[in-house]
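Scope of the values below: all heavy atoms of this structure, side chains included, with no hydrogens, waters or symmetry mates. Both counts, for ligands and for their atoms, begin at 1 and track the order of listing.
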Amino acid sequence: MKRPLAYIAGTGHAVPKQVVTNADIAAMGVDTNDQWIIERTGIRQRHIAKHGETLASLSAEASRQAMARAGVQAGEIDVIILGTATPDHLLPSTAVEIQTLLGCTRAAAFDVAAACSGWLYAAIVGESLIASGSADTVLVIGAEMLSTIVDWTDRNTCILFADGAGATVLRRSRDRTAAKGVLSSFMRSDGALTELLWRPAGGAAEPFSPEVFEQKRQYVRMAGREVFKHAVRSMAEATDRALDAAKITAADVDLLIPHQANVRIIEATAKHAGISMDKVFVNVDRFGNTSAASIPIALNDAVEQGRVREGTTVLFAAFGAGFTWGSLVARF
Ligand code: UT7
C-alpha cells in the first residue's frame, strides 16, 4: 500500500429547498407511479432547483461547509475542480464562478466533464496535483442541475435525475507516518457507446436551433436497460481495481459509497465486491440520482450520520455517461 500523499479533510453538501416526491411526478401527468419508481430505482424523493438556485450557489454553500470542517480559509485553496455535466454557462467554467463566490482569489479553477464519475475524476486530478507538488489544498466539488436538461415528459429519465452539490477539501498529508488519506484510485473511459446516454444538441456539433427544440434534442436521452448493464459491469471492475491497487480486500472496507444511480445497481456492485449491504451507504431514496454530486453528497451524509469517522476505510465507485467509471479507496 502506498503512503497517502493527500487526505479528505472536510466535506459538505447543499441541495435545493424544493422536494419533489414520486407522487408529485405522477401528478405532473408523467405516466408513472410511486410503487414502480421505488421498486425499480429505490428513489422516494429528490430535490429540484427553483428560480434563484444555481449550480454555483449550491456548490459554494457545500464548499463553505467543507472548508469550515477542514479548517481551511478561502485564501488557502490552491485549486478548485468542479465535476459537472450541467454547468451554469457553457463559457466560462462554473468553477471560476464558485471561486468568486468563495473569495478564493489565489486559486486556479476549472471544470471536469465526466458525467456521473465527475467528482471521482476530479478527486483523482486533485490528488495528482498534490502528488506532483503543484498544490497543497484542493477544493473538489461534484454538482449538478440535471432538472434543467431533463425532458419532464420522459419517464425514463425524469424519475431518476435530480439536483444537488457535494464538496470535499483535499489536503497534502503532513504527517509522514499518517495512515489516513487516498490509498488508491482507478479511472477508465469508453466513448464507443456514447449515444446510450447523452445530450445530442446544444454543443458545438449541433447548436441550439428551432429544429433542436422541436425534436427535444437539447435534453438528455438514455437507453436505461443498456446503461444499467454497463453500469453493473463497470462498477464491479472499478471496485476490484481500487482494492487491488490499495492491496486490501473487501473485508478491510468499512463502508462502500457508490454512485447513487439506482439501488439495484448499488446492490449488484456490493454483491460482486462481497460487501454486505450493512456496509454500503445508500441515500438515493432521498436524493435521487444527482450524477457527479451523488458521491460527495453521500459522503457528507455518511459523515453527518457518524458512519465515516477517524479510521474508517471507504471504497468509492462511480459510473456515468461517456462511458466513464472509476474508484478510489480512502482512509479517514
Ligand atoms: O447515473 C449513471 C447512469 N445511469 C444509470 O445508471 C441508470 C441506469 N438505468 C436504470 O437505472 C434503469 O434502467 C431505469 C430505472 C432507467 C429503468 O428501469 P428498468 O428496470 O431498466 O426498466 P425498463 O426500462 O426495462 O422498463 C421496464 C418496464 C417497461 O414496460 P414493459 O415493456 O415491461 O411493459 C417500461 O415501459 O417498465 C416501464 N417503465 C415505466 N413504468 C412506470 C419504464 N419507465 C417507467 C416509469 N414508470 N418511470
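Within the 4.0 Å heavy-atom criterion, both parts of Thr32, backbone and side chain, lie near ligand 1.
Centroid-to-centroid, the aromatic rings of Phe287 and His47 come within less than 6.0 Å. For Trp152 and Tyr219, the ring centers sit 6.0 Å or farther from each other.
Checked by distance only, ligand 1 and Trp36 come closer than 3.5 Å through their nitrogen or oxygen atoms.
Under the 4.0 angstrom criterion, atom 18 (O) of ligand 1 counts as having a protein heavy-atom contact. Atom 29 (C) of ligand 1 lies below 4.0 Å from none of the non-hydrogen atoms of the protein.
Judged by the shortest distance from any of its heavy atoms, Asp31 lies inside the 4.0 Å radius around the atoms of ligand 1.
Distances below 4.0 Å separate heavy atoms of Met222 from the following atoms of ligand 1: 4 (N), 7 (C), 16 (C).
Of the protein's non-hydrogen atoms, Arg225 NH2, 3.8 Å is the one closest to atom 26 (O) of ligand 1.
Not counting sequence neighbours, the partners of Phe213 by the ring pair (Phe, Tyr, Trp, His ring centres under 6.0 Å) test are Phe208.
Looking at Ala26, Ala321, Cys116, Ala223 and measuring to atom 2 (C) of ligand 1, the nearest heavy atom belongs to Cys116. The heavy atom nearest to atom 12 (C) of ligand 1, considering only Asn22, Asn262, Thr157, is found in Asn262.
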